[in-house]
Amino acid sequence: MSLNHIRPWRNIYRRKSRQIMVGNVPVGGDAPITVQTMTNTLTPDVKATLAQVQAAADAGADIVRISIPDEDSSRALKEIVRESPVPIVADIHFHYKRGIEAAEAGAACLRINPGNIGSEARVKEVIKAARDHNCSIRIGVNAGSLEKHLLEKYGEPCPDAMVESGLDHIKILQDNDFHEFKISCKASDVFMAAAAYQQLADATDAPIHLGITEAGGLMTGTIKSAIGLGNLLWMGIGDTIRVSLSADPVEEVKVGYEILKSLGLRHRGVNIISCPSCARQGFDVIKTVEALEKRLEHIKTPMSLSIIGCVVNGPGEALMTDVGFTGGGNGAGMVYLAGKQSHKMSNDQMIEHIVEEVEKKAAELDAETAQEAAE
Ligand code: SF4
């Protein structure tokens, strides 16, 4: 249960946005903030692409995006959509025909900028295809690919230019009476992206897709995204997020979730609280946490686990977690359950034992949730 009512410093007041559907997943309004990623296999390789979609979904992705650069990809999309456990967004650039094909193939959403696909007649055709196939649209403004006239007007990519581009694309959809859209305005520069998103949040009530584009590798990209997306989410801006990393899509999903979990915006799986370790540690904290992170990946139930090297911080952290372990002397430590000291456990058996305790607690919490839902 959220205790935010007694901890007001944890409250985040979410910007009010319209809600749209991406397949069966609501985005915006009071829907949970969703996590997205994108495949990087060749789309016509249906087997490899589906394997990546499945792995991302297993890691918690709510929505997955796939590039549709050619007709072969549109054909493959049909098969992928049929088998995918999550809604698929088709990523389209410039080719209006790919947009129509993707909508016909069952994409839940098109990522397309209506201002970049040519004549009014072509725009209307794509919008019609989207409407006919219950497909929403994401306008995806990117500081690196702004329209020429905006670059001339503003001199260089900047938040004003990005927002103007976004509003121009919105107008095209609205003029065609199409309102099932969300919007992003990404930049690799954290300051530019954050400023653009803030302006955009004031200028439209459309759901907002957050992202820091080309953020970098796993480490640098995670930090950049945590700062950029973290700040915006903290301000209440953002209805769906994608962390862009030069890394496996599964890593993007994990980082996305961790950002949301850190802000209490979504809960999934075991939140491990662990100390950095020092000379006082009663067991090898770093190796243990590494092992537990892997061993507990299958747990989807939101819960907490504290793994603390010694009694300096162990009992205090254990007070606030579902399961806890605090290092002690003589090769053994103390196990805490629901904040209370429970029993001693030897270090060499503790990983196995903690996995069992966490699984037991997860089953208990799941049963409670099912009971509440039935009442
Ligand atoms: S909890 Fe103990 S072992 Fe961990 S960092 Fe603090 S003093 Fe060191």
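Counting convention: from 1, in listed order, for ligands and their atoms alike.
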Just to confirm my output: which protein heavy-atom neighbour is closest to [atom], and how far is it?
atom	result
atom 8 (Fe) of ligand 1	Cys278 SG, 2.3 Å
atom 6 (Fe) of ligand 1	Asn313 ND2, 3.7 Å
atom 4 (Fe) of ligand 1	Cys275 SG, 2.4 Å

message: For Leu42, I'd like to know if atom CG has over 12 heavy atoms of other residues, nucleotides or ligands within 6.0 Å.
response: no

- request: Taking both backbone and side-chain atoms into account, decide whether Cys310 has an N/O/S atom under 2.8 Å from atom 8 (Fe) of ligand 1.
  value: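 It does not: Cys310 brings no N, O or S atom closer than 2.8 Å to atom 8 (Fe) of ligand 1.
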
Does one side chain, of [X] or [Y], offer a donor that lies under 3.5 Å from an acceptor on the other?
X	Y	answer
His169	Glu147	yes
Thr240	Thr34	yes
Asp70	Ser73	yes

- prompt: When you look at Arg15 and Asp202, which way does the salt bridge (charged side-chain N to carboxylate O under 4.0 Å, His left out) test go after all the steps?
  reply: CA-CA 9 Å; Arg15 159 186 170 266; Asp202 288 338; over 6 Å; no

message: If hydrophobic clusters are built by linking Ile, Leu, Val, Met, Phe, Trp and Tyr wherever their side-chain heavy atoms come under 4.5 Å apart, do Ile12 and Val35 end up in the same one?
response: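 Yes, it is one cluster - the side chains of Ile12 and Val35 are joined through contacts under 4.5 Å.
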
Number the atoms of ligand 1 from 1 as they appear, then name those within less than 4.0 Å of a heavy atom of [X], with their elements.
X	value
Gly309	3 (S), 4 (Fe)
Arg280	7 (S)
Ile308	1 (S)
Gln281	3 (S)

- request: Tell me which part of Ser277 gets within contact of ligand 1: side chain, backbone, both or neither, using heavy atoms under 4.0 Å.
  value: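 Looking at Ser277 and ligand 1, just backbone atoms fall under 4.0 Å.
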
Side-chain ion pair, Lys128 and Glu125, N-O less than 4.0 Å: no

